[in-house]
Structure formats: C-alpha cells, structure tokens
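Here is the structure we will look at.
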Amino acid sequence: GENVEQHPSTLSVQEGDSAVIKCTYSDSASNYFPWYKQELGKGPQLIIDIRSNVGEKKDQRIAVTLNKTAKHFSLHITETQPEDSAVYFCAASTSSQGNLIFGKGTKLSVKP
Amino acid sequence: EAGVAQSPRYKIIEKRQSVAFWCNPISGHATLYWYQQILGQGPKLLIQFQNNGVVDDSQLPKDRFSAERLKGVDSTLKIQPAKLEDSAVYLCASSFVRDTGELFFGEGSRLTVL
C-alpha cells in the first residue's frame, strides 16, 4: 500500500523567512496530493492541493511542487507569519482508493 | 455553512469499558470518514462510508471497533472493549466528492483510556 514520508518533523523559522516541507510517496499510482494545516485542538484543514497532471501550484504565499518521477512533493510558505504556526500534513491518494494516506506531520513554529 | 459536528469533545474511560462517538457531517456530503489520530502522527483512516454503505473498513479493528451510518447522515463510532492503545483523537470528516475531493474535518473527540 501507499506510504508517505514527511520531513522535517519540526521546523522553526523567523517571521518573514520561507519554510519548506518535503514529502515522498511510494505508490506511483497516486495522483492527488493535498496539504492540510492543523491548529491546536482543531481538525486538519485543506490549504492547497495538487494533482498529478500539474507540476506546480501557487496560492498567495503558499506553493506546492510535484516531481512524479522522483515521487516527491513539497510545500513552500513564503513571508511566514506567526499565524502560520501549526502542524502541517502532506497526504497522497489514488482515484481508485479515494482515501488519503497522511504523513506524520511537521510542526512549524514562526518566531516573531 | 455549518461544519462537521462531533461529540463528545473529550472522554476518559478505563480499559475494557466502552465508548461511542457521534458525528454529523456537512449537509449534502455523501461521503463520511472516521480517522484515528494518535499523538504525534498523521490521521489514519478507520472507515469510509458512501451514503449509508461501507466503502472501506480494511483498517478498522473489527473485534472491538464498530461504526454505522444508518440513514446516510449521522454516524456513530463505537469501541468495546477499549484498550490503552486506543487513546487518540477520533476525527470525523466528510466530503462532497468521493474520489480526491477536499475533506472537511470536525474538531475531533479526544479519548483517553486509563
């Protein structure tokens, strides 16, 4: 079955710096790669996603890149703000399965 | 629009006792999921419903866990008897589109088994 590895497990940056979180997946049939943000005591919330027919997608300060050959995808957050502090999860799924396999998460801390 | 509602938010029980969690998905969402999130890990799918039918329950420990969605709306997840390793947050999510659609998560039910 699918396995998703996520790095780093913790990341601390200064406000205004960029943050990058990387994930690898094992199942070459996976074609949907969302990123979820989870704040303390809340459920995960989708922040951006990318499908296998696209190499990069951007939404304001957030961007995701996908390398299908290498089976890895990354989340890029520019101009970080304290409110970006949270746990971020990458995930992967195939259309045939329909469910998401999550990575273990990255705790991002943005210091003012 | 109202989000996914879950209750109770917190529950503490002793091992071998039983517990039930309730979820009300977003109106109109046909697909409902129960995930288990152990501290420090990502959510893991337990069961997925499409309307009131089970789509995937391959990772549900069926000797102790059960779930139902009788009328295709609300769902209940039950654990009986509970083990120490069941301590986790149980997240309910719903989606409008079954395959590769955005999941909307509730705030979760935190279970502590002593």
Side-chain angles (χ1 to χ4, degrees), chain A residues 1-10 21 23-25 27 29-54 57 59 64 66 73 75 86-108, chain B residues 1-10 21 23-26 29-51 53-60 67 88-110:
Chain A
E2 176 65 279
N3 182 51
V4 177
E5 299 284 342
Q6 183 172 347
H7 300 280
S9 57
T10 60
I21 303 171
C23 288
T24 60
Y25 61 98
D27 189 346
S30 290
N31 59 7
Y32 177 62
F33 307 93
W35 287 87
Y36 282 80
K37 175 183 180 182
Q38 187 173 30
E39 297 176 343
L40 197 62
K42 301 281 183 68
Q45 183 175 12
L46 180 71
I47 56 171
I48 195 168
D49 58 10
I50 191 168
R51 299 180 189 274
S52 58
N53 58 346
V54 176
K57 184 177 178 180
D59 182 4
V64 59
L66 171 64
F73 56 113
L75 177 71
V87 179
Y88 291 81
F89 292 96
C90 63
S93 76
T94 65
S95 58
S96 61
Q97 289 184 357
N99 63 33
L100 294 174
I101 305 300
F102 285 86
K104 290 190 174 182
T106 296
K107 184 175 181 180
L108 173 64
Chain B
E1 155 179 281
V4 176
Q6 290 189 246
S7 68
R9 288 295 313 276
Y10 306 93
F21 301 113
C23 172
N24 183 254
I26 292 173
H29 282 193
T31 309
L32 184 147
Y33 311 77
W34 283 102
Y35 281 85
Q36 180 192 58
Q37 186 175 24
I38 293 173
L39 187 65
Q41 298 186 19
K44 185 186 87 171
L45 181 69
L46 291 176
I47 189 167
Q48 177 182 344
F49 292 94
Q50 178 76 11
N51 296 308
V54 175
V55 173
D56 183 355
D57 64 355
S58 58
Q59 298 193 79
L60 187 74
V89 175
Y90 291 87
L91 293 164
C92 179
S94 67
S95 69
F96 182 70
V97 177
R98 174 189 165 184
D99 289 341
T100 65
E102 177 179 358
L103 299 189
F104 294 84
F105 284 88
E107 294 192 322
S109 295
R110 180 179 295 278

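Heavy atoms only: backbone and side chains are in, while hydrogens, waters and symmetry mates are out. The sequence lines fix the lettering, A, B, ..., with proteins before strands; numbering per chain opens at 1.
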*Side chain, backbone, both or neither: which part of A:Gln6 has an atom under 4.5 Å from a heavy atom of chain B?*
neither

*Would you say B:Tyr33's side chain and A:Leu100's backbone share a donor-acceptor pair under 3.5 angstrom?*
no

_Using every non-hydrogen atom in the two residues, find where B:Leu91 and A:Pro44 come nearest and quote the distance to one decimal._
CD1-CD, 3.9 Å

*Any chance you could measure B:Phe105, atom CZ, to A:Leu46, atom CG, to the nearest 0.5 Å?*
9.5 Å

_Does A:Gln45 have more than 12 heavy atoms from other residues, nucleotides or ligands lying within 6.0 Å of its CD?_
no

*Using non-hydrogen atoms only, which part of B:Arg110 is less than 4.5 Å away from chain A: side chain, backbone, both, or neither?*
neither

*If you measure from CG on B:Leu103 to OG on A:Ser93, what distance do you get to the nearest 0.5 Å?*
8.5 Å

*For residues A:Phe89 and B:Gln37, report the shortest heavy-atom separation together with the two atoms involved.*
CZ-NE2, 3.3 Å

*Quick one: pull up CZ in A:Phe102 and OH in B:Tyr35 and give me the separation to the nearest 0.5 Å.*
5.0 Å

